[in-house]
2 protein chains.
Amino acid sequence: MFTLSEENYLKAIYHLELDTVKGVSTNAIAKKLETKASSVSDMIKKLSEKDVVVYKKYKGVTLTVFGKKIAASIVRKHRLWEVFLVEKLNFSWDEVHDVAEQLEHIKSPKLVNQLDIFLGFPSHDPHGDPIPDKDGDLKTIEKSLLSTLEKNETGVCVGVNDSSSEFLKFLDKKEITLGKQIRVLEKEDFDDSLSIQIDGKKLSISNKIANNLYVQKS
Amino acid sequence: MFTLSEENYLKAIYHLELDTVKGVSTNAIAKKLETKASSVSDMIKKLSEKDVVVYKKYKGVTLTVFGKKIAASIVRKHRLWEVFLVEKLNFSWDEVHDVAEQLEHIKSPKLVNQLDIFLGFPSHDPHGDPIPDKDGDLKTIEKSLLSTLEKNETGVCVGVNDSSSEFLKFLDKKEITLGKQIRVLEKEDFDDSLSIQIDGKKLSISNKIANNLYVQKS
DNA sequence: ATATATTTTTAGACAAGACTAAAAATATTA
DNA sequence: TAATATTTTTAGTCTTGTCTAAAAATATAT
């Protein structure tokens, strides 16, 4: 069994591993968890004794197969709870993160299983992130940043890169939601801003926005 | 804000206060929480500094109005989650306690509120225990132990005194569920066992069972 | 009322998980 | 390659919540 703290470390490493080919650095973990490198060093030692990470001093950290399974199960729970909050309890997608961050640590295999059934086996959370299955595997869909679309290309909005409350609220205001189709009408070389068509309306989008919105090209 | 441990102490004191007129003893808390009296002594000191309990050395402990509010909100969450597990996730009433014990510590006023709405503002949990309202108040119904009914009296099954998995499973096996009507056909002086009628069938019930089943006299 | 038993508190220790400051290892740059 | 910068680890401290053992207070019994 793993403590709250251990689970949070595993989750952090899991997420960081997605972006790096090599091992995850102590500093990167510290930054992600808003803690100190020395604390990370301590914890990594414990985790490697529990055989969930492989650890070579000064060389960064990798999850073992076992560790990855644990981490994926936490991410699975997090995302299932997010779906629950949005679909059943009328939370909006910018309100779910902190609560899911707590709920993900509830230990009960039956609970996760029944929740999955109750929600109809969702494949993605409200932000478009894939939900790992019971074995920790996730089927990722082919998605591209909106900023990579060429002029006149179209795509369906399928996820966000930045899931901060601020960004999500901004999307709400502009009525940009997952599932909607977006067509790039114009790309400005000057500031890399986009002119897009969504819901039949024309909208101007900064590069920062386009860099945080995923679409599935169509 | 209160820690997990503090919340568990508050809840324990809350429950113990229901049975005692005077302050709750250190030993009673230790027993309930399966910890040592010395640990309780330490924690009580912290809690009284936080103004949730009143504490006089060697004299037992009482919740303050504030403390009672906190405790009631935890009990409220516990019982709402139990309803959720049974009604929505197909848990049986003997499986919910341990999970609810974890879920009760999730901190999110919106979550509790929405859950309450989602469940249709239930007044009692699956074991017949009342769910405190937002202010921590609970409307208790007039209930009596089945063992206190006289011959030929009838009542509706409304709760259990012992909510251990063993007892609940026993009731399941005998098809004794909340809401069913029970009539006392016979009382045996010899061993205080009862002969009752339920679902039109005759059933023999030991005193131990009758002492752990609440009915509302009718 | 005095002796005995029980309850409660205090004192001191420990583990988990975090921190600061300093040392050691690795990376980078001239 | 030597000098400097960065990253990582170690050493020692702190807090929370627990424990054991012993002391102090209260309760009970003769």
Side-chain angles (χ1 to χ4, degrees), chain A residues 1-14 16-17 19-63 67 70-71 74 101-102 104-105 107, chain B residues 1-14 16-17 19-63 67 70-71 74 101-102 104-105 107:
Chain A
M1 204 51 74
F2 295 89
T3 66
L4 181 70
S5 200
E6 288 170 340
E7 289 196 349
N8 283 331
Y9 273 91
L10 286 174
K11 191 170 52 120
I13 298 165
Y14 178 85
L16 289 167
E17 263 194 346
D19 305 327
T20 44
V21 193
K22 331 199 63 189
V24 178
S25 79
T26 303
N27 255 5
I29 299 170
K31 196 173 174 186
K32 182 132 212 167
L33 292 177
E34 293 178 292
T35 185
K36 303 292 166 179
S38 53
S39 309
V40 176
S41 240
D42 287 348
M43 181 57 94
I44 293 303
K45 244 172 273 168
K46 282 178 216 159
L47 291 177
S48 73
E49 266 159 35
K50 288 193 165 192
D51 293 317
V52 282
V53 301
V54 173
Y55 168 67
K56 274 272 188 66
K57 268 189 197 172
Y58 295 99
K59 295 297 173 200
V61 166
T62 328
L63 290 175
I70 306 285
I74 300 165
E101 204 77 358
Q102 299 177 61
E104 72 191 5
H105 300 290
K107 284 163 183 64
Chain B
M1 206 51 78
F2 296 88
T3 67
L4 181 71
S5 200
E6 288 170 339
E7 289 196 347
N8 282 332
Y9 274 89
L10 286 174
K11 192 171 50 119
I13 298 166
Y14 178 87
L16 290 168
E17 262 194 346
D19 304 327
T20 45
V21 193
K22 330 200 64 190
V24 178
S25 78
T26 302
N27 254 6
I29 299 169
K31 196 173 173 187
K32 182 133 212 166
L33 292 177
E34 294 178 292
T35 182
K36 301 294 166 180
S38 54
S39 310
V40 176
S41 239
D42 288 345
M43 180 57 94
I44 293 303
K45 246 173 269 168
K46 283 178 215 157
L47 290 177
S48 72
E49 266 159 34
K50 288 193 166 190
D51 292 318
V52 284
V53 301
V54 173
Y55 167 67
K56 274 272 189 64
K57 267 188 198 171
Y58 294 98
K59 294 297 174 200
V61 166
T62 329
L63 289 174
I70 306 286
I74 300 165
E101 205 77 359
Q102 300 177 61
E104 72 190 4
H105 300 291
K107 285 165 182 64

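Each chain gets a letter, A, B and so on, in the order its sequence line appears, and its residues count up from 1.
- We find that NZ of B:Lys59 is positioned 14 Å from C1' of D:dA24, with the value rounded to whole Å.
- Atoms CZ (B:Phe2) and P (D:dT16) sit 14 Å apart, rounded to a whole Å.
- Two residues, A:Lys57 and A:Leu4, neighbour DNA chain C, and the one matched to the more 5' nucleotide by heavy-atom proximity is A:Leu4.
- Applying the 4.0 Å criterion to OP1 and OP2 of D:dT9, one finds that A:Thr26 has a side-chain N or O inside that range.
- To the nearest angstrom, C1' of C:dA16 lies 16 Å from CD1 of A:Ile44.
- A donor-acceptor pair under 3.5 Å links the side-chain atoms of A:Thr20 to the main chain of A:Leu16, judged by distance alone.
- Close to C:dT10, at under 4.0 Å from its OP1 or OP2, lies a side-chain N or O of B:Lys45.
- For the OP1/OP2 pair of C:dT8 and a distance below 4.0 Å, the side-chain nitrogens and oxygens of B:Tyr55 include no atom meeting the criterion.
- Taking side-chain N and O atoms only, B:Thr3 has a distance below 4.0 Å to OP1 or OP2 of D:dG17.
- Checked for salt-bridge contact, B:Lys107 and B:Glu7 meet the test: a charged N lies under 4.0 Å from a carboxylate O.
- Between the B:Glu17 side chain and the B:Gly23 main chain, no donor and acceptor come within less than 3.5 Å of each other.
- Between A:Glu101 and A:Lys11 a salt bridge is recorded (basic side-chain N to carboxylate O distance below 4.0 Å).
- The shortest heavy-atom contact between B:Lys32 and B:Ala12 is CG-CB, 4.1 Å.
- The CG atom of A:Leu47 sits 11 Å away from the P atom of C:dA18 (whole-angstrom rounding).
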Output a table of nitrogen or oxygen pairs between the protein and nucleotides 19-23 of chain C separated by less than 3.5 Å.
unit_1, atom_1, unit_2, atom_2, d
C:dC19, OP2, A:Thr35, OG1, 2.5
C:dC19, OP2, A:Lys36, N, 3.2
C:dC19, OP2, A:Ser39, OG, 2.7
C:dC19, N4, A:Asp42, OD2, 3.4
C:dT20, O4, A:Ser38, OG, 3.1

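- Both B:Ala28 and A:Met43 sit near DNA chain C, but only B:Ala28 has its closest nucleotide nearer the 5' end.
- One finds a side-chain N or O of A:Asn27 lying less than 4.0 angstrom from the OP1 or OP2 phosphate oxygen of D:dT8.
- Using modelled atom types, no side-chain atom of A:Glu49 and backbone atom of A:Lys46 make a donor-acceptor pair closer than 3.5 Å.
- Atom pair B:Glu7:CD and D:dT16:C1' shows a separation of 15 Å (rounding to whole Å applied).
- For the pair A:Tyr9 OH and C:dA18 C1', the interatomic distance rounds to 8 Å; values are reported in whole Å.
- Geometrically, B:Lys50 engages B:Phe2 in a cation-pi contact defined by less than 6.0 Å to the ring centre and at most 45° from the axis.
- Protein atom NZ of B:Lys50 is 11 Å distant from nucleotide atom C1' of D:dT16, rounded to whole Å.
- Rounded to a whole Å, the CG atom of B:Asn8 is 14 Å from the C1' atom of D:dT18.
- Residue A:Lys46 has a polar side-chain atom (N or O) positioned under 4.0 Å from OP1 or OP2 of C:dG17.
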